[in-house]
Participant: 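Let me give you the structure first, and then I'll get to my questions.
Naming: A, B, ... by sequence-line order, numbering from 1 per chain.
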Protein chains: 2
Amino acid sequence: MEKISSDNIRGLILALASSIFIGSSFIIKKKGLIKAGASGTRAVIFGEIANFAAYAFAPAILVTPLGALSIIVSAVLAHYFLGERMHIFGMVGCVLCLVGSTTIVLHAPHETQVSSVKQVWNYATEPGFIVYASFVFVLVGILIYYYQPLYGRTHLIIYVGICSLTGSLTVMCVKAVGIAIKLSFSGHNQFIYFETWIFTLLLLGFCLMQLNYLNKALDTFNTNVVSPVYYVMFTTLTILASIIMFKDWNDQNGTQIAMEFCGFVTILCGTFLLHKTKDMVGSRVGPNLLDTSTNTSARNSSQLEL
Amino acid sequence: MEKISSDNIRGLILALASSIFIGSSFIIKKKGLIKAGASGTRAVIFGEIANFAAYAFAPAILVTPLGALSIIVSAVLAHYFLGERMHIFGMVGCVLCLVGSTTIVLHAPHETQVSSVKQVWNYATEPGFIVYASFVFVLVGILIYYYQPLYGRTHLIIYVGICSLTGSLTVMCVKAVGIAIKLSFSGHNQFIYFETWIFTLLLLGFCLMQLNYLNKALDTFNTNVVSPVYYVMFTTLTILASIIMFKDWNDQNGTQIAMEFCGFVTILCGTFLLHKTKDMVGSRVGPNLLDTSTNTSARNSSQLEL
């Protein structure tokens, strides 16, 4: 079995730091400290920067599912600092998120070595990814112009679908811009190429769109229903987009792919338990997990808040 | 990453067959067919033979945790044939057991190649295993003569501890006798060596002891409490004994060992959910999961019923 590459380790550390910042931001807010609002927002911003940077180093298949860890950080801190008690199934959920994350970390593919943004542009304009992107555009178009007026306010899947589909393209742009910044810092300025600016513009466009529909979804439906559905769809589509664009699976064997899938399913089960357990205990735990849910969605909309 | 060896595949198929037989035996019984008793018992016997044979081909680290699959077989069959509905957490538990089993199967060590029972005897008499076995004997002795009279009827851990500690030695004897039978069938008669007979006698002795204390535990405490505790302790100690005796981990790297651990934890979480969900839904599901729990303990006491 192969070793974890140093870039994956950097990405992992950044993703963990991101989870710690985002997870603790909710506790800071709830703790009701003076200037809590300011500290909480600052923690979220640090978290999102770390998350953004993580995408520059490691494959999306590694970074995206780790978003679930911010729920754990939030739940564990709430236990110690707010005295909120967790249901035993919530603890099982935490353990599962950790085990699933470990599985993914140990089997994640190596990040495709990229020496310029032009190379990312070449990946993005290969037939496979063009087909995926066109599929996303057509589907989002149909959802917005045909289904939204009919079912938008009754069927959660419309808004969340638009967000998740757009989100998978957002993350690809985040990767491109992240790699551009990383390379520019190491002395190879990438902002002299027009491709870098196209990725940056697309990133802004997708972000605004994702933010718009995420807000619509949160206005219309309960956060606790939106968050898990959004987490699952967003993570799945992002991983799919990454596999198509960066051919993450090309140098992997069946076992590694199977294990990434197993790890992902384990995290999903854990997240599901964490979200469901709030219905099973007294109101004290309720608000906490409700907040950590908001957390996931805040995190998935990631770049939106930068 | 390495391929799964053909012996591990044989062991895996036998362990799965065992789970199917044992899991369905409970459905046959509950279905209340004419001669149900006979068919149910027959299914259990086939299951135990398959389980016994599985140990002859694959490492205990692979075979033992797969025992959890019989719970799934039983739960799924109960859903279709008895119309018993499963709680959503029970389904999550099933998924986790499957994911955890896949993880273990894909990372299980190769079975140590054994060409005669004398070789197993050499493994068993190496210092490491002698220390483990002595530790088990001393601990079982203390539990029986000192703690049992004081806490036997109030603390579950006494009886279950005796069963699990003895059980880990039983499985090692099962492996030795299983390998002896396998080799004898392939033309190398092993029953000419006195070591084979010692293993057989020890197997009988440990079985009787395990059966005795398992019955005491089941007479004193609720099956639903005994089963999961027993499953966890028995599986953990058996894997530990196997690692010490057959040095399962010698040719494995950190990732593989970590993944075996992750898979085991995932199965434990799944089993926990399956056992706990019976408290959360109507009485219709109750008795079913209660029976499948008895199942686990029946399975763990495995050889006892042969």
Side-chain angles (χ1 to χ4, degrees), chain A residues 1-5 8-9 12 62 65 72 87-110 225 228 232 249 251-281, chain B residues 1-5 8-9 12 62 65 72 87-110 225 228 232 249 251-281:
Chain A
M1 201 180 287
E2 298 162 58
K3 289 253 173 187
I4 305 171
S5 71
N8 274 9
I9 290 173
L12 171 64
L62 172 65
I72 298 188
H87 188 275
I88 180 85
F89 283 1
M91 293 179 198
V92 172
C94 285
V95 170
L96 289 172
C97 286
L98 289 175
V99 167
S101 302
T102 310
T103 306
I104 288 184
V105 168
L106 290 178
H107 295 87
H110 292 237
V225 187
V232 173
W249 280 357
D251 62 343
Q252 295 211 290
N253 60 30
T255 305
Q256 281 173 300
I257 294 173
M259 285 322 299
E260 281 157 17
F261 182 75
C262 284
F264 183 46
V265 170
T266 309
I267 292 183
L268 290 189
C269 289
T271 318
F272 176 79
L273 284 180
L274 274 164
H275 276 285
K276 276 286 172 185
T277 41
K278 71 185 175 315
D279 306 332
M280 291 164 46
V281 259
Chain B
M1 201 180 287
E2 299 162 59
K3 290 254 172 185
I4 306 170
S5 72
N8 274 9
I9 291 175
L12 172 63
L62 172 65
I72 299 188
H87 189 275
I88 181 84
F89 283 2
M91 292 178 197
V92 172
C94 284
V95 170
L96 289 172
C97 286
L98 289 175
V99 167
S101 303
T102 309
T103 307
I104 288 184
V105 168
L106 290 178
H107 296 86
H110 293 234
V225 188
V232 173
W249 280 356
D251 61 344
Q252 296 213 287
N253 60 31
T255 304
Q256 283 174 300
I257 294 171
M259 286 321 302
E260 280 156 19
F261 182 75
C262 284
F264 183 46
V265 170
T266 309
I267 293 183
L268 289 189
C269 289
T271 318
F272 176 78
L273 284 179
L274 273 165
H275 276 285
K276 275 287 171 183
T277 42
K278 71 186 176 314
D279 305 332
M280 291 164 46
V281 260

Participant: Please list all pairs meeting side-chain hydrogen bond (donor to acceptor under 3.5 Å, both in side chains) that have one or both residues in residues 258-268 of chain B, counting only residues at least two apart or in different chains.
Facilitator: B:W249-B:E260, B:Q252-B:E260

Participant: Just verifying a value: how many Å separate A:L273 CG and B:L96 CG, rounded to the nearest 0.5 Å?
Facilitator: 7.0 Å

Participant: Within this structure, what is the CD1-SG distance for the pair A:I104 and B:C262, rounded to the nearest 0.5 Å?
Facilitator: 11.0 Å

Participant: With B:V265, which residues qualify under side-chain contact (heavy atoms from CB on, under 4.5 Å), at least two apart?
Facilitator: A:V95, A:V99, B:F261, B:C269

Participant: Quick one: CE on A:M259 to OG1 on B:T103, what's the gap to the nearest 0.5 Å?
Facilitator: 3.5 Å

